Amino acid sequence: MTELSTIYKLSLIAVTCFIQACSSSCPVLECWFVQEKAGRGGGLTGATTQEKSLLHIRTDGQNDESQRAPKDINPERVYSVIDPAGTLCHRSLNPPRGSVTKPQCEINPFLPQPSSLDWVSSLTESGLSPVYLQAEWFSSAFQGLNEQLGISTITRSPTGSKEHSVILSVTTKTVSVKSRLGEPVQLDCGFWINPSSPLYGAGFAVEWRYQFRGRGRLILAYDGKTDRLADTQEEGATLDFDALHEKGNASLLLQEAKVLHSGTYICTVYLPHLLAQVALDLEIEEPPSLSIHPSTLPLAVPGQTINVQCEASGFAPLPVEFSWEIKGADGKSKTLDSFSVTGHRQAWDRTFSQTSRLEIDTSKLDLGRGGELTCVAAHAGGTRRTSVTLNVIGFSSPSIEDSMAMVGVALVLYGLIKFVSWTFTSSGSAEADKQDKKEK
């Protein structure tokens, strides 16, 4: 077991490696400062206020004398944020000047307090509230451009100061993840603790929770101080504990992706009296398998109606969009719209299946000798196609090649008839001559 003194030894190096692609300068971030309104008598009404604010990000404590608040921002809401790890200097938080799209940012007042959760309570078992906590604390959430990055920070500011220091940051590089069924999945989550904070080396805890449509469950919880996993660990979910202690890598590993894994995952990192969390979305996208029934179509004649169905199975999530097309002997494709779609059905593994039924009236289609019938299923996981051959006989408009062949056959038949007729005629004449000679 790695000793507690080495828990965070490489955390600063790990985060520094993570931001190697950062821009050379740290951003000035426009943020929303959100807080609850205080009701009469000091109570909380639950209503919130929202103000524009400005965060000047720096990696050191040097003051920037050029900081000025825009006219639409209250000078009291302009802050300096010192982030020694440089996590907030990532390029996705620093768009080019004049860019219309901007990163998302929200800052809220934060109240440090102990947690009663079994896997967190060991961090505050002394029951004492350190003098270090007597300051102003803030929780901030950031999302980079194009969902490249999600960050949550806890910052500390001496009372009355507008200079915030990052004490804890939790980061994910996989804000949105897509996976196929059966594949291993890694949900990224990393954390950094300020080495200058008294909380550095005081222990940590990690928790992963799952949420989907208002329902949630605990996936995994780990007390890093006592090296203990909670009893509610979900099957197939684990952490890399060496990387967790050595590098602050709290990524969740799912051994085999299933449909039931689709949803929102929340990675929470606890320090004594503090916590920060990031949310990630996982979508399991499995394209459908297609099959046409009957797999071999019977010969058709003009005016005949043929019923065909196409089944899409084993896909997730909903929906799937069906279409049909046929390519004639001339190579031209036509879209068919005389089809219907059944309701979806769900299998034991939570994948879906659905069927499209097509009715082909050969009298309404100029198919010639037939063509290639194709069923197309468009899905978020990919478009799939399957085809079957349709043959039409006795068609009313033969091709030039067929017409020439028919003329050739007719000529052969005519010649054969003439030959047989001449043979019988010649044979009859010979017999008549013989009879005449006998009579004479």
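Note that the coordinates shown come from a computational prediction; the quantities given were computed from them, not determined experimentally.
A salt bridge is absent between Lys327 and Glu325; no separation between the charged side-chain nitrogens and carboxylate oxygens falls under 4.0 Å.
At least one donor-acceptor pair under 3.5 Å links the side chain of Gln354 to the backbone N or O of Thr342. Between the side chain of Ser152 and the backbone N or O of Ala141, no donor-acceptor pair lies under 3.5 Å. Counting only distance, with no hydrogens or angles, the side chain of Ser80 and the backbone of His56 share no donor-acceptor pair below 3.5 Å. Not one N or O on the side chain of Thr172 forms a donor-acceptor pair closer than 3.5 Å with the backbone of Gly150. For the pair His90 (side chain) and Thr87 (backbone), a donor-acceptor distance under 3.5 Å is absent. The backbone N or O of Thr174 lies less than 3.5 Å from no partner atom in the side chain of Asp188, so there is not a single donor-acceptor pair. When atom types are taken as modelled, the side chain of Thr153 and the backbone of Thr155 share no donor-acceptor pair closer than 3.5 angstrom.
Aromatic ring centroids of Trp137 and Tyr132 lie under 6.0 Å apart.
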Which donor-acceptor pairs under 3.5 Å do side chains of residues 289-304 form with protein atoms, sequence neighbours excluded?
residue, atom, partner, partner atom, Å
Ser291, OG, His293, NE2, 3.3
Gln304, OE1, Val301, N, 3.1

Indicate every side-chain donor-acceptor pair of residues 101-110 with a distance under 3.5 Å to a residue at least two apart or in another chain.
residue, atom, partner, partner atom, Å
Glu106, OE2, Asn108, ND2, 3.3
Asn108, ND2, Val34, O, 3.2

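The shortest distance between side-chain heavy atoms of Thr389 and Leu373 does not fall below 4.5 Å. Leu390 is not listed as a side-chain neighbour of Glu372, based on a closest heavy-atom distance of 4.5 Å or more. Contact of the Val206 side chain with the Tyr270 side chain is not registered, since no non-hydrogen atoms from C-beta on lie closer than 4.5 Å. Annotation: side chain of Leu54 is not in contact with side chain of Leu29 (no heavy-atom distance under 4.5 Å). Side-chain contact between Asp60 and Pro84: absent, with no pair of heavy atoms (C-beta onward) separated by less than 4.5 Å.
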Check the pair Glu163, Arg156 against side chain to side chain contact (heavy atoms under 4.5 Å, CB included), reporting the backbone distance first and the verdict last.
CA-CA 8 Å; Glu163 184 172 278; Arg156 181 184 183 275; over 6 Å; no

Ring pair (Phe, Tyr, Trp, His ring centres under 6.0 Å) for Phe204 and Phe191? Distances and angles first, verdict last.
CA-CA 10 Å; Phe204 68 92; Phe191 65 94; 5.2 Å; yes

Working note: Asp72 + Lys52, criterion side chain to side chain contact (heavy atoms under 4.5 Å, CB included); need CA distance, chi angles, decisive distance, verdict.
CA-CA 8 Å; Asp72 60 338; Lys52 283 186 176 182; 3.1 Å; yes

So Ile57 and Cys89, side chain to side chain contact (heavy atoms under 4.5 Å, CB included) or not? Walk me through it.
CA-CA 7 Å; Ile57 310 298; Cys89 299; 4.1 Å; yes

Quick one, Leu93 with Phe142, criterion side chain to side chain contact (heavy atoms under 4.5 Å, CB included). Give me CA distance, side-chain angles, the key distance, then yes/no.
CA-CA 8 Å; Leu93 296 176; Phe142 307 86; 4.1 Å; yes

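Inspection of the Glu51 and Trp32 side chains reveals no N or O donor paired with an N or O acceptor under 3.5 Å. Residues Ser387 and Thr374 have side chains that bring a donor and an acceptor to within less than 3.5 angstrom of each other. Residues Thr268 and Gln277 have side chains that bring a donor and an acceptor to within less than 3.5 angstrom of each other.
Here the straight-line distance linking atom OG1 of Thr264 with atom CG of Leu280 works out to 9.0 Å at 0.5 Å rounding. Between the OG1 atom in Thr232 and the CD atom in Glu207 there is a gap of 9.0 Å [rounded to 0.5 Å]. Rounded to the nearest 0.5 angstrom, Leu275 CG and Leu168 CG are separated by 8.5 Å. Taking OG from Ser179 and CG from Leu254, the interatomic distance works out to 8.5 Å, rounded to the nearest 0.5 Å. Distance check, rounded to the nearest 0.5 Å: OG of Ser262 to CD1 of Ile284 gives 4.5 Å. Atom SG of residue Cys310 and atom CH2 of residue Trp324 lie 5.0 Å apart, to the nearest 0.5 angstrom.
For the residue pair Ser353 and Ser313, the shortest heavy atom distance occurs at CB-CA, 3.8 Å. Nearest heavy atoms, Trp119 versus Ala205: O-CB, 3.2 Å. Nearest heavy atom pair, residue Asp83 against residue Leu88, reads OD2-N, 2.8 Å. Considering every non-hydrogen atom in both Arg384 and Pro288, the closest pair reads CG-O, 3.2 Å. When all heavy atoms of Ser122 and Asp223 are compared, the pair lying nearest together is OG-OD2, 2.6 Å. Shortest non-hydrogen contact noted between His379 and Pro287 is ND1-CA, 3.8 Å.
With sequence neighbours excluded, the residues satisfying side chain to side chain contact (heavy atoms under 4.5 Å, CB included) with Ser176 are Glu147. Listed by chain and number, the residues in a side-chain hydrogen bond (donor to acceptor under 3.5 Å, both in side chains) with Lys162 amount to none (sequence neighbours excluded). Every ring-ring contact (aromatic ring centres under 6.0 Å, His included) that Tyr210 has, sequence neighbours left out, goes to Tyr265. Residues that satisfy the side-chain hydrogen bond (donor to acceptor under 3.5 Å, both in side chains) test with Arg228, not counting sequence neighbours, are absent from this structure. When the side chain to side chain contact (heavy atoms under 4.5 Å, CB included) test is applied to Pro114, the partners found at least two apart in sequence or on another chain are Thr124, His273.
Applying the ring-ring contact (aromatic ring centres under 6.0 Å, His included) test to residues at least two apart or on different chains, the pairs with a partner in residues 152-174 are Tyr79-His164, Phe138-His164. Residue pairs satisfying the salt bridge (charged side-chain N to carboxylate O under 4.0 Å, His left out) criterion with at least one member in residues 193-203, sequence neighbours excluded, are absent. Residue pairs satisfying the salt bridge (charged side-chain N to carboxylate O under 4.0 Å, His left out) criterion with at least one member in residues 274-296, sequence neighbours excluded, are listed as follows: Lys178-Glu285, Arg180-Glu286. Residue pairs satisfying the disulfide (SG to SG under 2.5 Å) criterion with at least one member in residues 158-273, sequence neighbours excluded, are listed as follows: Cys189-Cys267. Pairs passing the salt bridge (charged side-chain N to carboxylate O under 4.0 Å, His left out) check and including a residue from residues 346-362, sequence neighbours excluded, do not occur.
Checking each of Gln309, Arg345, Glu311 against Thr355 for a side-chain hydrogen bond (donor to acceptor under 3.5 Å, both in side chains) leaves exactly one that passes, namely Arg345.
Aromatic ring orientation, Tyr222 versus Phe241: tilted (interplanar angle from 30° to 60°).
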